[in-house]
Amino acid sequence: MDPLLAWRKEFPILANTTYMISHSLGAMPRRTAEALEQFADTWGTRGIRAWEEGWWNMPVTVGDLIAPIIGAGKGEVVMQQNVSICQWIVASCFDWRGPRNKLVTDGLNFPSNDYIYHGLERQGARVCQVPSPDGMTLPLESLLAAIDEETRLVSVSHVAFRSSYVQDLAAITRRAHEAGAMVVADLYQSAGCIPVNVRELGVDFATGGSVKWLCGGPGAGYLYVRRDLWPTLEPAATGWQAHREPFSFQSGPIDFAPDAMRFLNGTPGVPSLYSARSGYEIINEVGVDAIRAKSLRQTQLLIDLADEARFLVRTCRQPERRGGVVILDVPNGEDVTKELARREVLVDYRPNAGIRIAPHFYTTNEEIEHTLQEIRDIASRPD
Ligand SMILES: Cc1ncc(COP(=O)(O)O)c(C=O)c1O
């Protein structure tokens, strides 16, 4: 008996749907509806007092629920709207006009991050994208070789969104620091699915969001910045919540808060933070080690069933390089995905990759078998 299945009753959608898409939108916890009601009640009954009674500090207090999931300390994670904003804040900490103006980005990075980096070219940045030879993996050596004494920032996706390939953050961070560069790690596809410890890795910045493995819903991204760097970083992408004394409403240049609040900007998205909390609490209760152990077992089951059906598996088969998603390249993958949804089996499709299928801690083996059986059935139908 799998003890994690006890959590199924906390996720209403699992009663009627084969939910294999937590890499894209994690299932909503039942208690999230109560949390959103709490938001409305607080607004409705406490009015403006809600700010000083908790709302204003929510970017930090909610970040404290993310911290144990990524190995950060209390007060070291602040909530933002999404990863793109977090990346923009990180990039805005640097002067890109000097000789150390190279930004190395891995060829598996999420496009949004690269759009932001290319925007920095106007300020003098030189963007060096290390290409992936197959669109799915990236040889560590080629990434390490791109990092040199002119590199300011190395941006790497811990787990690639398209292929679920796990990159060696420790080796990349070591090389970057040797060269005097900093590392921003995108943990969106890893945190809550595979263990990650930002302090042990020594990464300088980490970004992520809540929509996927953390089951926290949209509008709640997070940013971690290494504590000893705080006094040296002054993001140009800022706002009044980052001020040492925001309610003194001083005009002129900002006087940054001494703590991680310095990486905030304007009024926080309070309802999103209410809705995000229950997912984080559950992931903390379940524990990422238990999630990873189950994920390795179930992704292997998926691969075995796909092999049996002679589907092309595009995920890395090496367990330590495989994240939580299995990608199957079946003919007409996009149409198969649509038909699966009609049959109440939710997965997604990415061009140049295939059908992405992800079990999470609440998934049964029977759901995996059912998903593969339905794909076999659809794929074998005459056109
Ligand atoms: C690895 C990764 N980074 C970034 C993003 C985009 O994040 P956001 O929409 O919060 O900016 C995604 C979304 O799918 C992702 O998978």
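None of these values were measured; they are calculated from a predicted model. One-based numbering, in listed order, for ligands and for the atoms of each.
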Look at atom 3 (N) of ligand 1 and say which protein heavy atom is nearest, naming residue and atom and giving the distance to 0.1 Å. Asp186 OD2, 2.6 Å

Of all the atoms in ligand 1, which lie at a distance below 4.0 Å from a heavy atom belonging to Asn82? 8 (P), 10 (O), 11 (O)

Which is it for Val83 and ligand 1 at heavy atoms under 4.0 Å: side chain, backbone, both or neither? both

Ring center gap for Phe247 and Trp56 short of 6.0 angstrom: yes

To the nearest 0.1 Å, how far is atom 15 (C) of ligand 1 from its closest protein heavy atom, and which atom is that? Phe110 CD1, 3.4 Å

Salt bridge or not for Arg174 and Glu178, using N-O below 4.0 Å? no

Ligand 1 to Phe161, heavy atom cutoff 4.0 Å, flagged ligand atoms 16 (O)

Could you tell me which non-hydrogen atom of Ala146 sits nearest to which non-hydrogen atom of Thr151, and how far apart they are? O-OG1, 4.0 Å

For Gln189, counting its heavy atoms only, list the atoms of ligand 1 lying under 4.0 Å from any of them. 1 (C), 16 (O)

When distances are taken from atom 11 (O) of ligand 1, the protein heavy atom at minimum range is Ser84 OG, 2.6 Å

Could you give the distance from CZ (Arg175) to CG (Leu140), rounded to the nearest 0.5 Å? 11.5 Å

Would you give the length of the straight line joining atom CZ of Arg322 to atom CD1 of Ile303, rounded to the nearest 0.5 angstrom? 4.0 Å

For Phe361, which of Tyr19, Phe11, Trp213 qualifies under ring pair (Phe, Tyr, Trp, His ring centres under 6.0 Å)? Phe11

Of Arg350, Gln81, Lys212, which has the heavy atom at the shortest distance from atom 14 (O) of ligand 1? Lys212

